[in-house]
Amino acid sequence: MNRTWWKEGVVYQIYPRSFKDSSGNGIGDIYGIIDKLDYIKSLGVNMIWICPIYSSPNDDNGYDISDYRKISEEFGGNKAFDILLNEMHKRDLKLIMDLVANHSSDEHKWFQESKKGEDNPYHNYYFWKKGKADKPPNNWLSVFSGSAWEWDPNLNKYYLHSFTKKQPDLNWENPKVREEIYDILNFWFSKGVDGFRMDVISFISKRLDFPQAKKGSTLSEMMENIYANGPRIHEYLKEMNEKVLSKYDIVTVGEGPGVNLETGLNYVDKKEKELNMVFHFDHLQIDFGPEGKFDPQPIDFLKFKKVFSDWDSLLRNKGWNSIFLGNHDFSRIVSRFGNDQKYRNESAKLLATLLMTLRGTPYVYQGDEIGMTNVKYPSIDYYDDVETRNAWKEAKGNNKNMDDFLKAVHRQSRDNARTPLQWNDTEFAGFSTNKPWININSNYKKINVESEEDYSDSILNYYREIIRIRKNNLTLIYGDFLDLEPDNEKLYIYKRWDKQKTFVVILNFSDDKILCDLNDLSSMTLVIGNYKKSVYDGSMDPWEARVYSY
Ligand code: GLC
């Protein structure tokens, strides 16, 4: 067994705009994070991933970077960053930054220069193509609606943008671009940063013949078949590893839209020397319908469980998994995979149990540790997210039923996870002293950190306990995994074991009380459960979670 710090730890993910505002301008910032480091530490996590905090025009809330070496002034600038890093290291917390290198902002100097003309030294930092008869070079779609090509009247050419038109894709074919990115990585590593989450890293190598996507392809199909896993992706990642990553004791996790069971291992196979972990989306796109994210379908629970088994066996002994159920791009986990009404408390704890007992490094997204829920704003005007707003415009243009579309937005919008963290029950939920950049979820008087602190059986305290249990049991970290009842429609029952110990985890993913004969468990010890039942009565209560060991 190869023991490694980033396998044994737990990551806490911060969406900085919505975490804690220290300046009173309604926008979360770095000093706000510093104020709350003791709180984060109290959870028992040892790594913090912070979504982008660099200079940015914020067309996509920081995922459009205009200067990779400058921390946004709105967030406190480079000075605040240095203090943050120092305060984190004092507390033995590692910092994972976000590297957004598939694209930059159109306001980055590179793009501004690139636009000036074909002779400009930066021209080939991006993809410029001639269109056909007033039509874009091909039918590729932007992940955020519309064509992936934008016309530049000055150059008479189109440029590629897989996301918004303010996020032009960088041309990794150009060795100068790769060197720029490696320099940026070195810049932050030499400051002491402990790792990077790499945004849409699966997209960085393009299919240079720019093939037309099959007619009628959905966005997910395009991502899997065309945008992701391009011909030189592994060459680039190996080069980055050899030239930069291998020089430091750091952790990397690549965001991998379009990465699947066939392509996943290549990114994280130890012997390939590329990345440590990848985020795949097989379980998070599970409810996407034929028309994508905003066409949500019921979740197929058997399929959901199978995703975890399949990925575990894919990576067993070869790579390492990342375990997450949500982030800033998806709705709240308790609303999506649990029951955020009658069983919010129970199901939030059950999901925490799942996160902490699978094999792989667990990621906790801010607010999930207190069971924050989706938000239902009354109209589209309350939404900020560019993906949601663009999808809305497109649906309207296509004469969709907009009442139904609003329901889909309530269920799927990224803003569900972006409402400010609820610290207490005072005005603006203790997040800010002023009206925040996006409305607070109206349930903040009931759901907030302060009230969770006061209550020993709270979701928050359950997170602390289950994280502590995971940290103290190497079996839960490295031990083998087996789904014991893959065909069970309501229960998720699996074991984790090694030579020292065996754990059996039983999770009732339903609102029903389910008879479940656990005779074999009578000789086992109950390690943790989310109901206060000391004696097992032969049935699993709604959303009950029990972890046994022997
Ligand atoms: C990733 C980020 C998302 C962003 C997109 C474009 O998916 O997680 O928030 O919008 O990349 O950078």
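Atoms within each ligand, like the ligands themselves, are counted from 1 in listed order. Computed from a predicted structure; not experimentally measured.
You'll find the ring centres of Trp423 and Phe19 inside the 6.0 Å limit. Two rings, from His328 and Tyr63, have their centers less than 6.0 Å apart. For an aromatic pair to be called close, the ring centres must be under 6.0 Å apart, and Phe81 with Trp188 satisfies this. Taking the six-membered ring for Trp and the full ring otherwise, Phe111 and Trp128 have centroids separated by under 6.0 Å. You'll find the ring centres of Tyr122 and Tyr126 outside the 6.0 Å limit.
With sequence neighbours left out, Asn276 forms a side chain to side chain contact (heavy atoms under 4.5 Å, CB included) with Trp6, Val251, Thr252.
Protein residues are said to neighbour a ligand when one of their heavy atoms lies under 4.0 Å from it; for ligand 1 these are Asp60, Tyr63, His103, Phe144, Phe163, Gln167, Arg197, Asp199, Glu255, His328, Asp329, Arg414, Arg418.
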